[in-house]
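Notes to accompany the following structure.
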Amino acid sequence: MGIKVAICDDEPVMAQAIEDLMLEYAPSLFEIDTFYSPSRLIDLLEDNTYDLFILDIEFPNQSGIEIAEAIRTNNVTCPIIFLTSFKEYMEKVFKVNTFDYILKPVTKDKLYPALTRAIKYLDVDDSKFTFTFNKVFYSLSYREIIYFEKNKRRVLIHTPSGLYETILQTKELVSKVHDHFVQVHTSFIVNVRYVKQISNDAIIVKLNDKQTVEIPMSRKFKDQAREQILMRLRDFIS
Amino acid sequence: MMDTNLLFIAVGVGIAIILILMAVAILKILVLQKRQLKGPINIFLVMSLISIPMISVFMLSTTVISGTDSITHPKFIYILISACIIYMNICILYLYFTLGRYFKKLAETTTEKMVFESELKFFKQLKHSQSKLYSMKHDLKNQHLVLMGMLSEGDIAGAEKYLQHSIQQIEHIDYFFTNNYVLNYFLNEKKSIAESHGITLNVTSFLPEKVNLDHDILAVVLGNLIDNSLNAALRLSNSQEKEILLLIKQFDNNLLIEISNVFDPAELKTRKNRQLEGIGTKNVKRIVEENGGIYNQWIEDNRYIVSILLLNVYDGEDEEIILGNV
């Protein structure tokens, strides 16, 4: 599966250089669209979206931040990487939840680590959790699963779009899940992506933009779970 | 009859003295307040301060009188003395609390002062870099002229070299790490300390001005981490490895602080206890966990890495709501 990327820079040379670097990084991974003006990209965003954005921040009349704001109205999570000539950044870049901030000139050393992280964050393999329930076969991508809850024999699968269930033993479930999942309790396995807060005996996860849910964390799993959460989230940030 | 009178006179005079002294003290405070326009003085505090020595003197005199066995009501004296002692203890307790409050306030003010001082230094630095910027702007014109000259003569390699040199120069003047200027100042200080010891402190930072954490938390955490790494790097014999990498980055409401340095693996044995008992590390871990964060340290090759994740730190959204209401 390709990653749809939008590059926006008013200097064609710069945009081309980034595209070349990306193709060198992985020749067939990216589907790249290049834009030379923010307004064209913003117009297109109304009924189109991309998985990853690489945006220049300084344009003659507009700012890359405006593009990012337009992106965020529909897409809250996709990574945005800004390119800039200034080390000093505007405070606004944090409001649009910037994934990374690359200082020009763009080189392999600066771009590739950011790409590697973005690919990890996007979970490009898009591995699926497959299960059957009432003789119906289901396939959910791991990204969508917020947490698994074990209730006697049943496994409840919480996702932003709804609740699914299946029958599985905890052991089987633990060995089956993706490494972004962390067991925090005998009956709970959580996707680190959705972790919002941690306390001594509980974990708060985001259900959506507004709602959260508190999941108990037991002493048995606490230390290991905390370490795993740190190491996984670290992969996205550093 | 004479003895009882004597006692009453003694008690009466004692109480009168106390009352008069208190009145004088209060009057004096009021007058002083008017004259010198000092901050409000706590009358209770002054009363408890004055009454302790007075009551003890009074108790002493009462005890002396009772010792002359001319007393007809010894029980009354005991009750009086116990009442005085209880009263004094209450006063001392009150003083204790007042002092506690005072010291707490003092500590807060000291931290605030430090913050303001660092802000002031930051602005001075800003002024300095601004004036540098002006001179650079001036130089730029000359540089362009030099470049034009080189290009017109077809000396492209020379021009490239010249440009590279000037880019390097620009990157060298680097004071900026974050819009959070207290932290910015702090990082600059640490960087210059490291450099003065021949250690490179490489800072990669990307964090907003306002995070949901107190200045002192960041300062204590970062201060301890950097100092530990500096000390470890100082103990190294190979000067090429004296580099500390520090990453402070925010994404998705989470803040990652990671510091790593090359260390001497032999220290695992020689400094075993220090590693376990290091007060700095313990403090950092405690503070991180108290603030709902996660602390982890490990060794990779011969690098010692400490990674800290603080969750839910960005408060930019709240700010927007407030602005929206205004």
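Just so it is clear, the model here is predicted, and its values are computed rather than measured. Numbers restart at 1 for each chain; the letters A, B, ... are given by sequence-line order, proteins then strands.
- Heavy atoms closer than 4.5 Å to chain B are found in both the backbone and the side chain of A:Ser238.
- When the options A:Thr159, A:Leu122, A:Asn191 are evaluated for a side-chain contact (heavy atoms from CB on, under 4.5 Å) with A:Arg143, the one that passes is A:Leu122.
- Using the six-membered ring where Trp is involved, A:His178 and A:Tyr142 have ring planes that are tilted, between 30° and 60° apart.
- Residue with the most contacts toward chain A among B:Ser307, B:Gly293, B:Gly292: B:Ser307 (heavy-atom pairs, distance under 4.5 Å).
- When heavy atoms are compared at a cutoff of 4.5 Å, B:Ile308 approaches chain A solely by way of its backbone atoms N, CA, C and O.
- In summary, the aromatic rings of A:Tyr89 and A:Tyr101 are positioned with their centroids under 6.0 Å apart.
- Taking the six-membered ring where the residue is Trp, B:Phe206 and A:Phe94 present tilted rings, their angle falling between 30° and 60°.
- Proximity to chain B is limited to the backbone of A:Met90, based on heavy atoms less than 4.5 angstrom apart.
- The choice from A:Ile198, A:Ile229, A:Ile204 that makes the most heavy-atom pairs within less than 4.5 Å of chain B is A:Ile198.
- Looking at B:Glu258, the atoms closer than 4.5 Å to chain A (heavy atoms on both sides) all sit in the side chain, from C-beta outward.
- Only the side chain of A:Tyr121 comes within contact range of chain B, with heavy atoms under 4.5 Å apart.
- Aromatic rings of A:His180 and A:Phe236 (six-membered ring for Trp) have centroids within the 6.0 Å cut-off, being under it.
- Using a 4.0 Å cut-off between charged side-chain N and carboxylate O, A:Lys104 and A:Asp56 make a salt bridge.
- Looking at B:Thr178, the atoms closer than 4.5 Å to chain A (heavy atoms on both sides) sit in the backbone and in the side chain alike.
- The distance between the ring centers of B:Phe186 and B:Phe177 does not fall below 6.0 angstrom.
- Counting only N and O atoms by type, the side chains of A:Lys222 and A:Asn200 include a donor and acceptor under 3.5 Å apart.
- At a 4.5 Å heavy-atom cutoff, the contact between A:Leu233 and chain B is made by side-chain atoms alone.
- For a residue to count as touching a neighbouring chain, one of its non-hydrogen atoms must lie under 4.5 Å from one of that chain's; by this rule A:Val93 touches chain B with the side chain only.
- In this structure, chain B has heavy atoms under 4.5 Å from both the backbone and the side chain of A:Thr98.
- Of the listed residues B:Leu247, B:Leu207, B:Thr204, the one with more heavy-atom pairs under 4.5 angstrom with chain A than any other is B:Leu207.
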